[in-house]
Amino acid sequence: MKWFAQMYSRFAARSRIKSPWLLHFDCGSCNGCDIELLACLTPVYDVERFGIINVGNPMHADILIVTGTVNPRNAKVLQNLYDQMPEPRIVVAVGSCGLSGGIFRDAYNVLGGVDRVIPVDVYVPGCPAKPEAIIDGVVRALEKKKARVPTESGGAKA
Amino acid sequence: MKSTVIPIGPQHPVLPEPVHLKLTVVDEVITDVVPSLGFVHRGLEMLVDSRDYHQVVQIVERVCGICSMMHAMCYCQGIEEMMGIEAPPRAKYLRVIWSELHRMHSHLLWLGLFADSFGFESLFMQFWRIREKVLDIHEATTGNRVIVSVNKIGGVGKDLDDDQIEWILSELKNIKREVRRLGPTLLDDYTVKKRTVGRGVLTSQQAIDLGTVGPTLRASGVARDMRQLGYAALGELDFEPVIEEAGDSWARCKVRFKEVLASIDMIRQAAGKIPAGDIAVRVKGAPPEGEAISRVEQPRGEVFYYIKSKGQKKLERLRIRTPTFANLPALLSILPGLYLSDVPVVVLSIDPCISCTER
């Protein structure tokens, strides 16, 4: 049975870094970044040809894309979504607000960037971030993910 | 029969934005709806305390990314009225051109999302493909795709030269042809009609009583559009509000579809009449003590700004009432009695913009 376990882990490692499924959470954004993220999925940018699909269930997702600032109310929702995602998970923060709070950082109901609540792996700047930038962010996220996928020997690479 | 409570949101595949609806259902029929908001509240109105009144333009643009241009236009018109200055005629025409482009991109976005809400994914993709052409015009003329940032107090910050206007008109010709080609698929299709006709009916009396605005009101047969006020250069252009009588989801869809074509027509008219001259006047000093209100027709309906100044560079109070806030009571009154499967279609039919509502 050892050969089967090896083959399976090689297959799983390969599949985990191809065709990532995204979970998008709007965390107090002005919709600018959200519609740019949706625009990535539509014919002009069409990331579905790489097997990237936007899903609604955190348990199916590989990459969590968060747009907008964090406030006390949605921080709990964000943490909950992150906890439900299977390892190895990657978080991409999109837009100036997701990075630091952006133009809203002084507002009373804003805690700041997404990294105040959950660890962020890739930061995509822009107000709003362009679809090209978001796609680039996802590609970089995949590189990070590749390093975290367990190899045949069992431990994570590097 | 026993009733069940079904929570929807804040994270849900059919909702583009975080809003929580607590639906009480008996069998498949909805009996009660309780919304809970506050997931995207940032507290923008308080930021006027710490910013200069010129800097507030950038803040109000980010009330909502989809209709940012109209928010800034509404705020600038309010401040201009307060300070007794008037934008030059060319700036007013440019404001009309960009605001109608914004309406087109917002309506095309909505038509796509609406098609997606009843599972017509290929139509969603087609509308978003056309919408990219409008965004290309935004990017070529202003430098940004969504938040165009052209307004400033006293006029606009960017100009269009003759070549650009000619190019915009030729692009609009293509967009019009493509939108028209999709019309029968959206409006005459048997399956689409099955999902939309007669769902979420709002009579004209109900629409007025509940204080709805925008396409939701006009789909119930009330010809009320803030563009009739003739703000910016709209007073010099031919304009007729688009109305439908039925008041159901299908009528709301048809109103928005026709408004895309009407916006193309208005940009054509504005481009034909645009005068030469300055695009902005110099603005000095602070707004005098007092208050002003300003109203603009957004893609979703009337947006209302109340501005209060204490005679300093920093404003005392800014209050924004957005169209979705006015349309939510109507949504809550039409949902009971519908089937659970109609909820995404009817919720989307009022074009909710939660980020506007909560700011």
Side-chain angles (χ1 to χ4, degrees), chain A residues 23-46 48 54-58 60-61 64 67-78 80-81 84 95-97 101-111 126-133, chain B residues 9-20 36-47 49-51 55 58-59 61-68 71 105-106 109 112-113 116 122 124-133 135-136 139 144-147 149 353-356 358-359:
Chain A
L23 174 72
H24 167 223
F25 183 57
D26 173 352
C27 197
S29 149
C30 73
N31 280 343
C33 298
D34 305 320
I35 55 178
E36 292 293 65
L37 181 64
L38 266 184
C40 295
L41 301 164
T42 53
V44 175
Y45 296 96
D46 195 16
E48 272 195 25
N54 191 11
V55 292
N57 190 338
H60 299 166
L64 173 63
T67 52
T69 58
V70 180
N71 65 37
R73 182 156 187 181
N74 63 27
K76 275 179 258 167
V77 183
L78 181 62
N80 193 356
L81 285 174
Q84 288 183 55
S96 306
C97 308
I103 196 164
F104 311 127
R105 68 190 174 279
D106 300 333
Y108 61 84
N109 199 32
V110 170
L111 295 179
C127 185
K130 289 197 173 186
E132 293 93 334
Chain B
Q11 169 65 23
H12 192 272
V14 297
L15 297 170
E17 288 179 89
V19 60
H20 180 82
S36 80
L37 301 163
F39 292 98
V40 289
H41 176 64
R42 286 151 281 168
L44 285 187
E45 289 170 2
M46 280 293 280
L47 282 179
D49 277 354
S50 55
R51 311 284 168 104
Q55 292 172 325
Q58 270 72 47
I59 291 171
E61 267 170 355
R62 282 155 184 84
V63 168
C64 169
I66 303 175
C67 36
S68 62
H71 275 288
H105 112 77
S106 173
L109 176 144
L113 287 179
D116 193 41
S122 58
F124 163 65
M125 294 290 178
Q126 291 293 336
F127 275 116
W128 279 61
R129 181 177 57 78
I130 301 172
R131 177 179 165 267
E132 286 290 329
K133 296 190 178 191
L135 293 186
D136 284 346
E139 195 170 12
N144 210 347
R145 277 163 53 91
V146 181
I147 296 183
S149 253
C353 178
I354 306 302
S355 140
C356 271
E358 298 179 0
R359 302 179 294 282

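The shown structure was predicted, so the numbers you read here are calculated from the model rather than taken from an experiment. Numbered from 1 within each chain, the chains take letters A, B, ... in sequence-line order. Basis for what follows: all heavy atoms, side chains included, without hydrogens, waters or symmetry-related copies.
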Checklist line | By ring pair (Phe, Tyr, Trp, His ring centres under 6.0 Å) - contacts of B:His105 (at least two apart) | finding: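 With neighbours one apart ignored, the set is B:His102, B:His138.
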Next item on the list: List for me each residue that meets ring pair (Phe, Tyr, Trp, His ring centres under 6.0 Å) alongside A:Tyr45, sequence neighbours excluded, and say none if there are none.
Entry: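 By the ring pair (Phe, Tyr, Trp, His ring centres under 6.0 Å) rule, A:Tyr45 matches no residue at all.
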Below 4.5 Å from any heavy atom of chain A, which atoms of [X] appear? Answer side chain, backbone, both or neither.
{"X": "B:Ile147", "result": "both"}
{"X": "B:Ile59", "result": "both"}
{"X": "B:Ile354", "result": "neither"}
{"X": "B:Asp49", "result": "neither"}

Residue among [options] with most heavy-atom pairs under 4.5 Å to chain A:
{"options": "B:Glu45, B:Glu132, B:Arg131", "result": "B:Glu132"}
{"options": "B:Gln55, B:Met125, B:Arg129", "result": "B:Met125"}
{"options": "B:Arg359, B:Arg51, B:Gln58, B:Glu358", "result": "B:Arg51"}
{"options": "B:His41, B:Arg145, B:Arg42", "result": "B:Arg42"}

For [Y], does its backbone N or O pair with a side-chain atom of [X] as donor and acceptor, under 3.5 Å?
{"X": "B:Ser36", "Y": "B:Val19", "answer": "no"}
{"X": "A:Arg73", "Y": "B:Leu37", "answer": "yes"}
{"X": "A:Asp26", "Y": "A:Gly68", "answer": "no"}
{"X": "A:Asn74", "Y": "A:Val77", "answer": "no"}

Item checked: Electrostatic pair B:Glu139-A:Lys130, nearest N-O below 4.0 angstrom ->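 The answer is yes: the pair qualifies as a salt bridge.
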Contacting region of [X] [heavy-atom separation from chain B under 4.5 Å]:
{"X": "A:Cys33", "result": "neither"}
{"X": "A:Asp106", "result": "both"}
{"X": "A:Leu23", "result": "side chain"}

Notebook entry, point to check: Just wondering, do B:Cys356 and B:Cys67 contact through their side chains at under 4.5 Å, heavy atoms?
Noted result: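 Yes, side chains in contact.
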Checklist line | Choice from A:Cys97, A:Ala39, A:Gly32 maximising heavy atom contacts with chain B below 4.5 Å | finding: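 Of the options given, most contacts go to A:Ala39.
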